Structure formats: C-alpha cells, structure tokens
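The block underneath contains the structure these notes are about, expressed in structure tokens.
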Amino acid sequence: AAAAAAPGHHRLNDSQPTAHRSQSQATPSQAYPQFDVKTGDHWIFPLIDTERGYQLNIAKQALFKNTLVTLPTGLGKTFIAAVVMYNFFRWYPTGKVVFMAPTKPLVAQQIEACFNIMGFPQDQMTEITGNQQSSKRHMLWDNKRVFFLTAKAFVNDLHRGVCPAKSIVCVVVDEAHRALGEHAYVQAVRTIAATNERFRVLALSATPGNKPETVQQVISNLLISHVELRGEDSLDIQQYVHRRKIESVVVPHSKDMETAKDLLADVMRDPLKRLKQNRVFHTADPNMTSHYALLKSREEYRRRPPSDCRGGRMENDFMVAMTLAQSYGLLQTHGLLALFSSLKEFFAPKSSKPARLCNEFKRSSSLVKLMEWLDNLLGEAGGGKPIYGHPKIEKLEEVVMAHFASHAGTATRVMVFSQFRESVAEIVSLLSRNSELKVASFVGQSSSRNQHGLKQKEQLAVVEKFRAGEYNTMVATCIGEEGLDIGDVDLIVCFDTQQSSTRLVQRMGRTGRKRDGRIVMLMSAGKEEQTYKASLQNQKRVHKAIVNAAKRFSLYCNNPRMVPPECRPTLKRLKVAATTKYDRSAARSAARSGARSHKLPPERLTMSQSVVYSKKYALSQSQPGLPQLDLGRWVDRQSVPDAVRLVCHSRRTVAMVGSLLFMDELREGGLASHEEAMQQHLRREDIERYKPPKQTAQPTSDGATVADCALADVDAEADAAVGDLSAGRRKRQRRSFAALHSEEPLFGHSKSDDGVGADDDDDGD
C-alpha cells in the first residue's frame with residue numbers, strides 16, 4: 001500500500017481489479033510471455049548526487065499503475081518518464097516503448113533528454129515525424145524499440161498497420177492536458193487498447209485542465225487509474241521551487257489607437273445592427289462583441305434559423321462582423337500594425353480571401369478611409385524615430401533594457417511571448433535596434449505571404465543558440481510555451497494576456513526553474529486588463545477545485561498488471577546516465593541507410609483488420625482448443641479459387657477445388673450422366689484385366705439394394721454441401737478450375753523466378 005500522502009499533494013489510487021488477480025494461477029511465462037523474469041526482480045532508479053524523493057515515489061507508482069503526473073514546470077516530469085520507460089525497456093526485451101509529444105521540437109528535445117538521463121542504447125532509439133516516408137517508418141518499427149514521435153504520426157502508423165500495436169508495453173503522453181475530444185493522443189490510446197489489453201500509460205502535464213470536468217476527460221481518455229498531483233505548496237517539492245515575482249503593467253491606448261478604434265467601430269455597427277434586428281445576435285455594441293460570441297451565434301442560427309430571415313444576407317453579415325471583431329481585438333491587444341496587417345489582404349489585387357468579403361470591404365467608404373489613414377501613419381519614418389503600433393511595445397523595450405542594465409556583467413536571458421506573429425516581427429525589429437540585445441524570433445513552421453515559418457532544424461538551432469548564450473532575447477509565439485527546455489530565463493514578458501489559465505501557467509513556467517525569476521504582464525487598459533484578472537482568478541479557483549474534486553474523479557478500473565504476481569521488483573540504484581552526447585546526425589544516417597535496404601513492408605494485418613480478428617476469430621485462453629473444421633459450411637467460396645499473382649495455388653488446392661466441382665457435376669446430372677461420360681475413356685482390356693469378385697446385393701426392407709442407398713447418400717451430401725447454384729455460378733467455377741490447370745497463374749502473371757509455384761505445400765487461397 002502506498003504511504004500516506006503528505007499535506008499539500010494528493011494521490012489517487014484504484015485497487016487491482018479482481019479479473020487480473022486470477023492470473024496468479026499461471027506462470028509468468030504463460031500469462032506474461034514477453035516479460036523477462038531475470039530482469040523483473042528489480043527496478044532501476046538512477047544514482048545521482050541530488051536525489052529527489054517525490055521523483056522516486058512517483059516513478060514507483062507509475063511503474064505499476066496508469067498514472068497522471070501533475071507537477072509544476074521545471075520539477076522533472078521528463079526525468080520520471082525516462083525512469084519508467086527504461087524499466088519497461090528492460091522488463092520486456094521484445095516490447096516497444098513510445099514517447100508522444102505535441103510538437104517536433106519537443107520530440108527532438110525529449111529523445112536527447114531521456115538518453116542523457118538513463119543511457120538508453122542509441123541504436124535502439126529513434127525519432128519519427130510525419131515528414132518521413134512510410135517505408136522508412138516500416139523499417140524503424142521493425143528494428144527499433146524506443147520511439148519518440150508526434151501524436152499524429154503515431155496515429156497514422158497505427159491506422160496503416162505500420163506500428164505493431166500488440167508489441168507496445170509503455171506509452172508516455174507529454175502535455176497530456178491536450179487529450180480532449182478527438183485529439184491524436186486520444187485516438188492513439190484508443191487504437192492500442194482495441195488490440196492490446198496490457199500496456200502502461202504515463203501522462204505528464206503541469207496543468208491538467210481549466211476545470212475539474214476537463215481533468216476528468218483527460219483521465220477517461222488516457223485510461224488513468226492513479227493520479228499524482230503536486231502544487232507549489234506541496235511539502236515534498238517546496239525546497240525545489242523557486243520564487244516567481246509577477247508584475248502587471250497596464251498601458252493606456254494612444255490617441256492614434258483611439259481614432260482607429262472609433263473608425264473601426266463605425267464599420268462594425270451596420271452588420272451588428274442587422275443581426276440584432278433579426279434576433280440572431282444579442283448586441284450591436286462593438287465593445288461588447290467578440291469573434292467567439294459571433295461564432296457561437298452563427299452556429300445557433302444555422303441550427304435554428306428564424307423563419308423571416310434572409311439566409312444569404314445573414315450569413316454575409318456574420319462573416320463581415322466576425323472578421324471585423326477579430327481585427328478589433330487585435331487592435332486593442334497588439335496595436336495599429338496588427339490591425340493593418342489583418343485587413344490589407346482583403347484589399348490586395350489577387351487576394352486569397354473570399355471574394356464576397358473583399359468586395360464588401362472595398363464598398364465600405366469608412367473602412368477604405370481607415371486603411372488609407374493607417375497606410376500613411378505607419379509609412380511615415382518620422383525623422384528616424386520609430387513608429388510604435390502599440391504603446392505596450394515602447395513599455396516592453398523599456399522593461400527589457402532596464403533588466404539588462406540591472407544585470408550588467410552577468411549572463412542573463414529574456415523571453416517575450418506574443419500570440420500574433422506580426423507582433424513578433426514588430427517586436428524583434430524594434431528591439432534589434434539596441435546593440436546590447438541579441439534578439440531571435442521563435443515561431444512555428446507554417447508560412448504566410450508576409451511571414452516565413454521556421455523549419456524544425458531552424459527551431460532547434462534557435463533554441464540551442466539561446467541556451468548557449470549567442471542570443472540573450474527570444475520573442476516567441478505559443479510554440480515556446482509548452483515543454484521546451486529553453487534554459488535559464490530570468491525575465492518573462494507577456495505582451496498579450498491569455499484567457500486560458502493553462503497557457504498562462506505554461507508561460508510562467510519558462511522562468512524560475514533553477515533560480516528565482518520575474519514575470520511582467522503587459523496589458524492594455526480595458527478589456528485586456530479584465531481578461532487577465534479573470535484568468536488569474538480562474539487559475540487559483542481551478543487548482544483548488546481540482547484538489548477538492550480529486551477524490552471524486554472516476555478512474556479507470558481495469559488497470560493492467562504488467563508484472564507477474566510472483567515477481568516483486570525491488571529498488572536498485574545504479575549509475576546509468578549516458579557518458580557520451582546523443583549523436584543526432586548518426587541516428588538520422590542510420591535510419592536512412594536502413595530504409596534503403598528495406599524492400600518490402602512486413603506482412604501484417606492493418607489496424608482495422610486486427611480489431612476484427614481479435615473480436616471474431618482470436619482464441620482466448622479459456623477456450624480449450626481449435627474448433628472442428630467444417631468444409632461444408634463455405635462450399636461456394638471454396639469451389640472458386642482466389643486470384644493469385646506471384647505464387648500459384650498448390651496441388652492440394654487444385655485437388656480440393658476439383659473434388660468440389662465434381663460434386664457439383666454429380667448434383668446436376670446424377671451418377672448416370674457421369675458414367676456415360678466416362679464410357680468413352682474405358683477400354684475393354686482394362687475391364688477384363690481386373691474383375692472384382694461378384695457380391696450378391698442384399699435388398700433392404702423397402703426393396704432397394706445397399707448400393708442404391710449409398711448412391712442416394714452421396715447425392716444427399718452433395719446437395720447439402722453445394723446447395724442451389726445458378727448456371728452462371730457453375731460456369732464461373734468450371735472456368736476457374738480450368739485456369740488452375742493452365743500453364744499461367746491468374747491475371748497473366750508467371751511463376752516467380754525462385755521456383756515457388758504449384759508444388760508448394762502452403763495453399764494460396
């Protein structure tokens with residue numbers, strides 16, 4: 001039994017189900033064929049200088065239960081995952097261990113981190129992404145055992161039958177709070193569980209959800225039977241938590257922003273008034289409108305449209321209002337440049353936006369006037385003085401420069417978060433004017449007409465240079481929020497606020513990992529300020545609600561036992577950390593060379609076929625043996641040979657199909673017609689050479705002879721086996737039987753060059 005939970009953290013456990021206890025009757029080799037009893041008598045925890053008790057306790061629980069681990073950022077969730085993966089790697093010599101992450105940079109980071117922590121054999125580790133060809137992934141799944149990959153790539157390989165789901169023994173889900181709805185995390189676990197009833201799940205997240213209901217969805221979707229929940233006030237982690245000082249700075253709008261806000265509000269009022277008049281939206285005030293509210297109202301309108309509404313006009317008004325509301329929000333949060341960038345595409349000569357929306361905007365004199373005014377304002381150089389699209393950018397520059405001035409002569413790093421990519425480019429451009437700052441942008445891979453994304457190699461290079469000190473300031477979008485080990489960051493500046501408390505916690509977690517950190521929240525006066533306060537209150541309320549509701553979570557009751565009941569693994573501390581650096585280039589070259597030698601994919605059932613097989617045809621351990629084969633049940637299928645390409649049907653197949661066709665001929669014409677057909681092949685000398693002794697026919701009670709009864713039984717069995725066949729069906733059977741005796745196999749393909757042909761014992765049907 002687990003020890004009593006310390007105050008401040010909570011442990012949920014579910015007892016071992018009765019159904020799995022019955023397996024104690026079997027030996028480990030029978031009930032757990034992949035388990036290695038020799039290595040299963042102990043589990044390994046790395047011998048390190050500063051061992052943390054909470055990591056040891058959580059890893060021990062995660063080895064024997066499907067566990068959700070909730071730890072604040074920077075407290076070693078990856079360390080726990082590496083320990084669990086390594087022990088399953090030892091216990092199951094033929095099993096596969098999988099680490100799923102949401103992004104490619106995070107996948108690349110975690111494979112290196114796990115290698116350094118537990119010293120996995122590098123020739124057994126591999127990284128899989130959607131960019132790799134299917135043939136390469138076939139080879140990797142055949143030859144490797146420890147996989148680090150994105151969730152989408154994993155799901156695709158499962159559905160295509162490339163990944164052997166039954167060989168998977170451990171799955172680690174990083175950033176598990178994403179496992180909602182039909183996310184790839186959910187699909188992956190569900191697909192594995194359809195064919196594999198025994199595999200371990202370890203889910204990791206700093207923030208499992210925005211509310212208890214969301215956490216329950218994660219628990220249900222990932223088959224969690226045990227929860228390890230820690231907060232910053234938990235006693236066993238307090239000594240490892242560094243302080244984070246949070247400062248909020250409210251910046252008022254500039255006069256130019258107020259002017260643009262009034263002009264844009266005038267454009268929004270007309271479509272909002274029509275929507276309100278037709279009772280499909282609740283307000284005509286732009287300040288009380290949001291893109292999300294309009295989106296939900298449009299969905300409701302499409303489900304139940306009012307009878308007196310003009311559908312086309314309402315759809316057009318919704319489209320215009322939603323686009324302008326999004327631009328209105330960008331103006332308040334990111335400033336004039338963000339507003340101009342969001343609207344100028346609609347006025348381009350060859351725009352990719354909907355033509356109806358472009359025409360609507362071009363006909364609006366107020367909107368055209370606003371765009372001309374913005375173009376003149378942002379295009380002015382001002383005698384070399386920079387044009388700030390939002391006063392927050394000027395305040396951001398002031399905060400960053402003050403930080404470096406106070407840390408003169410010391411190595412320090414700053415990270416800036418902005419949701420809008422145009423703002424990232426604007427911030428980088430303005431901060432780069434200062435010689436003390438070495439600024440880099442960190443964005444996703446997607447590209448647009450005005451912005452180019454960073455490929456995976458470029459992303460990793462930026463992170464590595466920032467960690468090494470070549471850059472001291474990084475401006476990132478949401479891709480920098482989750483999971484990435486950015487290094488020691490002393491100052492976090494949030495250029496915009498997030499309504500989601502999960503994203504707010506992720507941003508804050510980038511600092512305070514190894515020493516105290518500082519967080520500055522920049523926000524505009526008004527709506528953005530209210531959003532931040534609501535998010536901060538929601539964060540505290542959610543954590544408290546999760547703690548209070550922890551004991552009421554519905555946990556997965558069929559927690560699989562991965563260790564035989566006879567085995568009692570004991571703790572053994574060993575020094576297993578890697579002594580060499582992970583060689584990424586060598587791993588990639590090995591994968592490429594192996595893929596070139598891989599000619600044909602392995603012959604496996606696809607995932608859908610495996611599900612059907614396991615449900616309908618696979619034998620369970622309770623069934624004593626194979627069912628009796630009854631050839632009479634499927635005569636229609638057996639009397640027509642399947643088409644073959646490379647390997648011809650064997651002689652046994654030819655003989656069986658011929659016998660069934662002979663039975664069909666007997667059914668059609670009877671024994672008399674068969675005798676007439678055979679008369680032309682008989683010779684008198686053959687009959688005279690062998691004459692069997694004469695036997696007197698013994699009549700039965702109804703006067704028929706025994707021979708007559710035997711012939712009647714043959715006819716009855718033939719009728720029962722073959723059944724009623726149409727004339728066309730019998731013709732197709734005879735043509736197929738004739739093709740069996742031809743020199744060429746069906747479809748015109750010749751026998752294979754290696755001599756495999758009709759003489760093989762294995763049937764091709």
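Since we're looking at a predicted model, the values are computed, not measured. Quick note: residue numbers are just sequence positions, from 1.
- Taking the six-membered ring for Trp, Phe466 and Tyr471 have ring centres at least 6.0 Å apart.
- Relative to the ring axis of Phe346, Lys362 does not place its NZ or CZ within 45° and under 6.0 Å from the centre.
- Considering CZ of Arg298 and CG of Leu275, their distance stands at 11.0 Å, rounded to 0.5 Å.
- Without hydrogens or angle criteria, Glu528 side chain to Thr497 main chain gives a donor-acceptor distance under 3.5 Å.
- There is a side-chain donor-acceptor pair under 3.5 Å between Ser524 and His390.
- Ion pairing between Glu398 and Lys392 fails under the 4.0 Å rule for side-chain N and carboxylate O.
- Remark: Arg303 engages Glu300 in a salt bridge, criterion side-chain N to carboxylate O under 4.0 Å.
- In this structure, Val249 and Met521 have side chains that are not in contact, with every pair of non-hydrogen atoms separated by 4.5 Å or more.
- A salt bridge does not link Arg356 with Glu360: none of the charged nitrogens is closer than 4.0 Å to a carboxylate oxygen.
- Counting heavy-atom neighbours within 6.0 Å of Lys261 NZ, excluding the residue itself, gives a total above 12.
- Of the charged side-chain nitrogens involved, none lies within less than 4.0 Å of a carboxylate oxygen, so that Lys438 and Glu470 do not count as a salt-bridged pair.
- Note: Gln277 CD to Leu272 CG = 11.0 Å, rounded to the nearest 0.5 Å.
- Checking Ser205 against Glu175 by side-chain atom types alone, no donor-acceptor pair falls below 3.5 Å.
- When side chains are defined from C-beta on, Val172 does not count as touching Met100, because their heavy atoms never get closer than 4.5 Å.
- No side-chain heavy atom of Gln419 sits under 4.5 Å from any side-chain heavy atom of Thr333.
- Ion pairing between Asp317 and Arg313 holds under the 4.0 Å rule for side-chain N and carboxylate O.
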Test side-chain hydrogen bond (donor to acceptor under 3.5 Å, both in side chains) on Gln216 and Ser220; report intermediate values, then the result.
CA-CA 6 Å; Gln216 180 60 65; Ser220 301; 3.0 Å; yes
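- Atoms CG and OH, on Asp174 and Tyr185 in that order, are 6.0 Å from each other to the nearest 0.5 Å.
- Summarising the geometry of Ser290 relative to Lys527, their closest heavy-atom pair is CB-NZ, 4.0 Å, with the distance given to 0.1 Å.
- Between the side chains of Ser366 and Asp266, no donor-acceptor pair of N or O atoms lies under 3.5 Å.
- Judged purely by distance below 3.5 Å, without hydrogens or angles, the side chains of His403 and Asp490 never pair a donor atom with an acceptor atom.
- We find the OG1-CE distance between Thr531 and Met523 to be 10.0 Å, quoted to the nearest 0.5 Å.
- Atom NE2 of His183 sits about 11.0 Å away from atom CG of Asn221, to the nearest 0.5 Å.
- Side-chain N/O atoms of Ser342 and Ser327 include a donor and acceptor closer than 3.5 Å.
- Remark: Met401 CE is packed, more than 12 non-hydrogen atoms of other residues, nucleotides or ligands lying under 6.0 Å away.
- No side-chain N or O of Asn472 forms a donor-acceptor pair with one of Glu436 less than 3.5 Å apart.
- No side-chain N or O of Asn278 forms a donor-acceptor pair with one of Tyr301 less than 3.5 Å apart.
- Leu295 places a side-chain heavy atom less than 4.5 Å from the side chain of Glu299.
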